> 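First the structure, which I've put down as structure tokens, then a few questions once you've had a look.
When a residue number appears, it is its place in the shown sequence, counting from 1. The structure displayed is predicted, hence computed values, not measured ones.
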Amino acid sequence: MMTELPLDQVRTLLAVVDEGTFDAAARVLHVTPSAVSQRVKALEQRTGRVLLIRAKPVRPTESGAVVVRFARQLARLEHDAQAQLGMTGPQEPARLPIAVNADSLATWFLPALGLVPEELRPCFELRREDEAHTAALLRQGLVMAAVTSSPEPVAGCSVRGLGRMRYVAVAAPGFAARWFGDGSPERPLREAIVDAPVVVFDRHDEFQDAFVRGLRRDGRGAGHRRHLVPTSEGFVNVVVAGMGWGLVPEVQAAPLLRSGHLVHLAQDRPAEVELYWQQWKLDSPALAAVAEAVARTAAGALRPAAGSG
């Protein structure tokens with residue numbers, strides 16, 4: 001019975017997933033596309049599983065994700081061992097793929113990476129994804145760590161709380177006056193907000209809908225007139241431009257509220273997202289250093305985790 005996973009085949013599968021196509025993987029590995037295809041097929045025969053969804057870009061199947069995760073862990077451990085033995089050089093940078101949500105990227109996360117000691121600092125490969133979906137990238141083996149809203153650890157991962165990111169419902173003054181008036185009892189915010197244009201991150205963003213449902217009792221979400229803006233900075237700019245209301249991170253909203261570019265819609269009803277750091281259980285100095293830097297920065301930038309006193 002063949003139980004070993006040939007390392008050349010495992011590394012080839014990882015290259016195909018990272019590069020997205022067989023041809024691109026071949027260029028990185030300095031072999032022919034035919035050789036790449038043969039290695040992947042041989043690995044699938046050895047495991048008895050289909051490992052790749054052959055689309056553009058290529059994606060790992062559930063079984064493929066297991067092998068990709070193993071390959072990435074192996075590469076990380078190999079690089080750390082070589083570094084400790086003085087065998088690495090500038091031509092062999094270590095890569096650390098991390099999934100992080102857009103609002104963290106735009107506010108507190110990037111300064112954390114600068115705190116990682118230079119001698120341990122890998123080449124960061126950041127993948128922007130909604131905090132509710134970053135754990136899926138961990139599960140697929142596409143990243144080694146993630147900022148996520150899920151407290152349930154992905155198999156093979158550890159999890160630690162980072163804190164709460166607070167959001168406030170805001171709009172440009174002219175927009176607020178036009179759509180919400182003075183918030184009079186005749187038509188309070190909870191009634192007017194279902195008709196007002198709203199800014200959302202993408203078609204999967206239900207954050208604003210959940211906020212509106214919290215104001216009402218009929219299950220209705222935000223209005224149907226929606227601007228889809230898939231960047232944190234662009235989201236804020238569209239709200240400031242008076243095109244719609246939205247939930248903006250408190251740290252981004254604060255200077256704009258002070259300058260009068262934005263006004264509160266429901267100052268007494270902030271929304272909060274609990275954030276967690278999940279990473280593979282891997283004895284890697286670089287990964288440990290990143291985790292500590294992220295936790296330290298989050299402690300200063302986010303509100304304390306729920307139940308932490």
Side-chain angles (χ1 to χ4, degrees), residues 2-85 87-100 113 116 120-129 133-146 154-157 278-288 290:
M2 294 183 296
T3 57
E4 293 183 355
L5 296 177
L7 296 187
D8 63 330
Q9 295 174 9
V10 168
R11 291 184 177 115
T12 299
L13 184 76
L14 177 61
V16 173
V17 171
D18 281 348
E19 300 303 322
T21 68
F22 283 71
D23 287 346
R27 288 193 293 271
V28 169
L29 296 172
H30 305 293
V31 298
T32 65
S34 176
V36 170
S37 180
Q38 289 172 10
R39 289 180 189 177
V40 172
K41 287 179 182 177
L43 188 58
E44 288 180 326
Q45 290 172 353
R46 181 174 286 267
T47 59
R49 308 286 181 89
V50 175
L51 301 176
L52 292 178
I53 298 172
R54 287 156 169 82
K56 287 190 176 182
V58 169
R59 302 191 309 276
T61 63
E62 187 173 345
S63 296
V66 174
V67 180
V68 168
R69 199 157 53 237
F70 166 68
R72 211 178 292 285
Q73 291 172 342
L74 183 67
R76 179 72 257 175
L77 289 171
E78 181 179 38
H79 188 277
D80 287 344
Q82 290 175 340
Q84 292 175 17
L85 293 170
M87 297 170 60
T88 56
Q91 74 280 6
E92 301 173 12
R95 290 192 310 143
L96 181 56
I98 302 173
V100 59
L113 302 185
V116 179
L120 292 175
R121 192 177 299 165
C123 289
F124 295 107
E125 184 178 311
L126 303 182
R127 298 188 59 148
R128 188 185 63 195
E129 183 58 82
H133 303 139
T134 49
L137 299 180
L138 273 172
R139 206 169 290 115
Q140 295 167 17
L142 298 178
V143 298
M144 298 174 67
V154 171
C157 292
Q278 291 207 36
Q279 68 177 61
W280 291 352
K281 293 178 180 177
L282 195 62
D283 186 15
S284 166
L287 188 55
V290 172

> Kindly indicate whether the side chain of V40, heavy atoms from C-beta on, has any atom under 4.5 Å from the side chain of L51.
no
> L14 versus L74: any side-chain heavy-atom pair under 4.5 Å?
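No, too far: nothing below the 4.5 Å cut-off.
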> Side-chain contact, heavy-atom cut-off 4.5 Å: P97 with R72?
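The answer is yes; the side chains approach within 4.5 Å.
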> Report the residues that fulfil salt bridge (Lys or Arg N to Asp or Glu O under 4.0 Å) with E125, sequence neighbours left out, ordered by chain and then residue number.
R95
> Are M144 and Q279 side-chain neighbours, meaning at least one heavy-atom pair lies under 4.5 Å?
no
> Could you tell me if the side chain of L52 sits less than 4.5 Å from the side chain of L13, heavy atoms only?
yes
> Do T12 and L43 have side chains that get closer than 4.5 Å, going by heavy atoms?
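With C-beta onward as the side chain, the pair stays apart.
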> With sequence neighbours excluded, tell me which residues meet side-chain hydrogen bond (donor to acceptor under 3.5 Å, both in side chains) with R139.
none
> Once side-chain contact (heavy atoms from CB on, under 4.5 Å) is applied, do any residues pair with A155, and if so which ones, sequence neighbours excluded?
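So A155 forms no side-chain contact (heavy atoms from CB on, under 4.5 Å) with any residue.
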> When you measure from the side chain of R46 to the backbone N and O of E4, does any donor-acceptor pair fall under 3.5 Å?
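Yes; judged by distance alone, with no hydrogens or angles, the pair exists.
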> Could you note down all residue pairs passing side-chain hydrogen bond (donor to acceptor under 3.5 Å, both in side chains) where residues 47-58 supplies at least one of them, sequence neighbours left out?
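Sorted result for residues 47-58: E44-R54, R49-S63.
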> Is the shortest heavy-atom distance from the side chain of I98 to the side chain of V290 under 4.5 Å?
yes
> Go through the structure and list residues passing salt bridge (Lys or Arg N to Asp or Glu O under 4.0 Å) with R121, not counting sequence neighbours.
E118
> Who passes salt bridge (Lys or Arg N to Asp or Glu O under 4.0 Å) against E19, sequence neighbours left out?
none
> Check whether any side-chain heavy atom of V143 sits under 4.5 Å from a side-chain heavy atom of E129, and report yes or no.
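In short, these two side chains do not touch, never coming nearer than 4.5 Å.
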> My understanding is that only residues two or more places apart in sequence, or in another chain, count here; which of them pass side-chain hydrogen bond (donor to acceptor under 3.5 Å, both in side chains) with R27?
none
> How close do R127 and L137 get, heavy atom to heavy atom, and via which atoms?
NE-CD1, 4.2 Å
> Sequence neighbours left out, what passes salt bridge (Lys or Arg N to Asp or Glu O under 4.0 Å) with R69? Give chain and number order.
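Partners of R69 under the salt bridge (Lys or Arg N to Asp or Glu O under 4.0 Å) test: none.
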> Got a list of side-chain donor-acceptor pairs under 3.5 Å for residues 29-37, not counting sequence neighbours?
| residue | atom | partner | partner atom | Å |
| --- | --- | --- | --- | --- |
| T32 | OG1 | A35 | N | 3.1 |
| S34 | OG | Q38 | NE2 | 3.2 |

> Grab the two heavy atoms, one from L96 and one from P122, that are nearest each other, plus how far apart they are.
CB-CG, 3.7 Å
> State which residues pass side-chain hydrogen bond (donor to acceptor under 3.5 Å, both in side chains) with Q278; sequence neighbours excluded, sorted by chain then number.
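So Q278 forms no side-chain hydrogen bond (donor to acceptor under 3.5 Å, both in side chains) with any residue.
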> Among all residues two or more places apart in sequence or in another chain, which pass the side-chain contact (heavy atoms from CB on, under 4.5 Å) test with I53?
A55, R59, T61
> Which pairs pass salt bridge (Lys or Arg N to Asp or Glu O under 4.0 Å) with one or both residues in residues 6-17, sequence neighbours excluded?
R11-E78
> Please give me the minimum heavy-atom distance between G141 and W280, naming the atom from each residue.
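For G141 and W280, the tightest heavy-atom pair comes out as CA-CZ2, 3.9 Å.
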